[in-house]
Colleague: 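Supplied in structure tokens, the structure appears directly below.
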Amino acid sequence: MRLSYCADITAADWLVRSATPADQLITFGPAGFEAYARLRFIPDPGDTSPPVDHPSDIAQMRRALRVLAAFTSTPQECYFCLWEGYSDAPLPPEVQQGPLVELPHRRYALLRGTLTDVDAWEADVGGGQTIAPPAFVWPADHRWCLASDVDPYWAGIGAERAAIDALVADPRLDVVPAHPAAAS
């Protein structure tokens, strides 16, 4: 396993102690970033339907994380949260017993690894099966945060404006600028 479970969850304190409203926190991460965007896994409801060969949520998240890698000084130390409620990726018993990151209405196992370890997400967390993407991903330097809650069809991203601009400009991604207070 490339990703490792963290028994010490203090790396997530910046989320736990955030004064950001709960709905915003679990969909965009903490307040305070210069800019925000939505990575749309599927087109907005009412828009066109995605093609049959549309990439999975985790594949799209990987593409976004590759772009975000240029906007952190700590790609070798990143954190990933796995929501305890995913039926396709149940937490191992030893993790269920350990401390979990607790946010309003959600609890998560905290994992640590390099940013590229997201490439092994299904193998490390889902037993090789296609599963939901991480609920949160952030580098140790807190330069950005990607949040993917269970209900929306998109992931929220907070970062510096240049990072958001790079995501929006990437033709392989469907990323649009967002205003977290208006989206929650």
Colleague: Could you check if a side-chain atom of S148 sits within less than 4.5 angstrom of a side-chain atom of F41, using non-hydrogen atoms only?
Modeller: yes
Colleague: Can you list everything that forms a side chain to side chain donor-acceptor pair (under 3.5 Å) with S56? Sequence neighbours excluded, please.
Modeller: none
Colleague: According to salt bridge (Lys or Arg N to Asp or Glu O under 4.0 Å), who are the partners of D170, at least two apart in sequence or on a separate chain?
Modeller: R172
Colleague: Once rounded to the nearest 0.5 Å, what's the spacing between atom SG of C81 and atom CG of L111?
Modeller: 8.0 Å
Colleague: Identify whether the distance between the nearest side-chain nitrogen and carboxylate oxygen of E122 and R2 falls below 4.0 Å.
Modeller: no
Colleague: Using a strict threshold of under 4.0 Å (side-chain N to carboxylate O), is an ion pair present between R66 and D119?
Modeller: yes
Colleague: Under the side chain to side chain donor-acceptor pair (under 3.5 Å) test, which residues partner D165, sequence neighbours left out?
Modeller: none
Colleague: Output all residues satisfying salt bridge (Lys or Arg N to Asp or Glu O under 4.0 Å) with R143, sequence neighbours left out; order by chain, then residue number.
Modeller: E160
Colleague: Not counting sequence neighbours, which residues clear side chain to side chain contact (heavy atoms under 4.5 Å, CB included) with T72? List them please.
Modeller: T74, P75, P139, D141, W144
Colleague: Would you indicate whether the side-chain heavy atoms of L3 and W121 approach each other to under 4.5 Å?
Modeller: yes
Colleague: Between D117 and T114, do the side chains contain a donor N or O and an acceptor N or O under 3.5 Å apart?
Modeller: yes
Colleague: Checking F80 now: which residues fulfil ring-ring contact (aromatic ring centres under 6.0 Å, His included) with it, not counting sequence neighbours?
Modeller: none
Colleague: Just by distance, with hydrogens left out, do Y79 and E77 show a side-chain donor and acceptor under 3.5 Å apart?
Modeller: yes
Colleague: Which label fits H142 and W14: parallel for a plane angle under 30°, tilted from 30 to 60°, or perpendicular past 60°?
Modeller: parallel
Colleague: With side chain to side chain contact (heavy atoms under 4.5 Å, CB included) as the test, would you mind laying out the steps for L15 and L25 before giving the verdict?
Modeller: CA-CA 8 Å; L15 299 176; L25 181 62; 4.2 Å; yes
Colleague: Quick one: does E102's side chain have a donor or acceptor within less than 3.5 Å of a partner on R107's backbone?
Modeller: no
